[in-house]
Amino acid sequence: MLCLENVAKIYRTRTGEVKALDGISLRIKEGEFAVLRGPSGSGKTTLLMTVAGMQHPTGGKVSVAQNNLYAMSAQARAKFRAANIGFVFQMFHLIPYLNVVENIVLASGAAVDKNKKVRAAELIQQFGLTGRNLHKPAQLSAGEKQRVAIARALLNQPKIVLADEPTGNLDPDNAAVVVRCLSDFHRSGGTVIFATHGAEAEGFADRIIHLRNGHIDQS
Ligand SMILES: Nc1ncnc2c1ncn2[C@@H]1O[C@H](COP(=O)(O)OP(=O)(O)O)[C@@H](O)[C@H]1O
Ligand SMILES: [Mg+2]
């Protein structure tokens, strides 16, 4: 599903260079739930952004479902991402002036049609958000916000979901619910990469990849 070959990312800043990814080679199979575990600064966000097609690597090759992501035009890559990749952020990144349904459906990038609304209603029910349809993000708990964000990521039925510390701002109970939502997607055949510095998802993982200073720690 996912293949990284010697992927490198160097950030060039005014004060010098930061080597965020230092030659990552990795394969993730279709239907795998992989935990990407590493301390802050180890390169987790950079790796997920690179896999999502949102950040050009400095070197190496990234393929998703046999498509060489960075050989595509920016437009083709954006289209590919919308169709195949869902992203969940630590800080939720919901749009404050839109309600739950609108937040879920808007991410599709296409006009809101009946099918999208039906799919959103299914996800709202699946994630225990019934009755919250018309709430704005400010009227939701942190756990509910993240479930809305997961529903948004799943709206287009992506093949792969990339979650970047999705439980980082949640208490343990809500964290467990969010892990279970992602695990449900995995059990329905989806591929998940779950980046974290903690152990909350390890019981659900097929595999744990340890990241340290921009490379995979084999020890
Ligand atoms: N836009 C950026 N410009 C410069 N350095 C960055 C940028 N983003 C991240 N970094 C640096 O790259 C390294 C990896 O960061 P990141 O991928 O955010 O790690 P993590 O998500 O594991 O905390 C860190 O040293 C961080 O300071
Ligand atoms: Mg990060």
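Count residues from 1 along the sequence. In each ligand, atom 1 is the first atom listed, and ligand 1 is the first ligand listed.
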For this session: Please determine if Glu30 and Lys159 form a salt bridge, counting it only when a charged side-chain N lies under 4.0 Å from a carboxylate O.
Result: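 So Glu30 does not pair with Lys159 through a salt bridge.
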Exercise. With Glu122, which residues qualify under side-chain contact (heavy atoms from CB on, under 4.5 Å), at least two apart?
Worked result: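 Expected list: Val118, Arg119.
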Exercise. In ligand 1, which numbered atoms sit nearer than 4.0 Å to a non-hydrogen atom of Ala20?
Worked result: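 Matching atoms, with element in brackets: 12 (O), 13 (C), 14 (C).
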For this session: Using a strict 4.0 Å cut-off to heavy atoms of Thr13, name the atoms of ligand 1 that fall inside it.
Result: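 Per the distance check, 4 (C).
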For this session: Just let me know how Thr46 lines up against ligand 1, side chain, backbone, both or neither, with a heavy-atom cut-off below 4.0 Å.
Result: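 The answer is both, backbone and side chain.
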For this session: Under 4.0 Å, heavy atoms only, figure out whether ligand 1 is touched by the backbone of Pro39, its side chain, both or neither.
Result: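 Backbone only; the side chain of Pro39 stays clear of ligand 1.
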For this session: Give the single entry among Gly16, Gly43, Gly41 that approaches atom 23 (O) of ligand 1 most closely by any heavy atom.
Result: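 Looking at heavy atoms only, Gly41 sits closest to atom 23 (O) of ligand 1.
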Problem set entry | side-chain contact (heavy atoms from CB on, under 4.5 Å) partner of Lys116, chosen from Val101, Asn156, Ile104 |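 Looking at Val101, Asn156, Ile104, the match for Lys116 under the side-chain contact (heavy atoms from CB on, under 4.5 Å) is Asn156.
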Problem set entry | Under 2.8 Å from the Mg ion (ligand 2), the protein N, O or S atoms, given as residue and atom |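 Protein N, O or S atoms closer than 2.8 Å to the Mg ion (ligand 2): Thr45 OG1.
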Exercise. Should we count NE2 of His215 as having more than 12 external heavy atoms under 6.0 Å?
Worked result: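 Counting other residues, nucleotides and ligands, NE2 of His215 exceeds 12 neighbours.
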Problem set entry | CZ/Arg27: more than 12 non-hydrogen atoms of other groups inside 6.0 Å |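 No.
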Exercise. Does an N or O from Glu165, backbone or side chain, lie closer than 3.5 Å to an N or O of ligand 1?
Worked result: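 Between Glu165 and ligand 1, no N or O pair is found under 3.5 Å apart.
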For this session: Using protein heavy atoms only, decide if any is under 4.0 Å from atom 16 (P) of ligand 1.
Result: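 True for atom 16 (P) of ligand 1.
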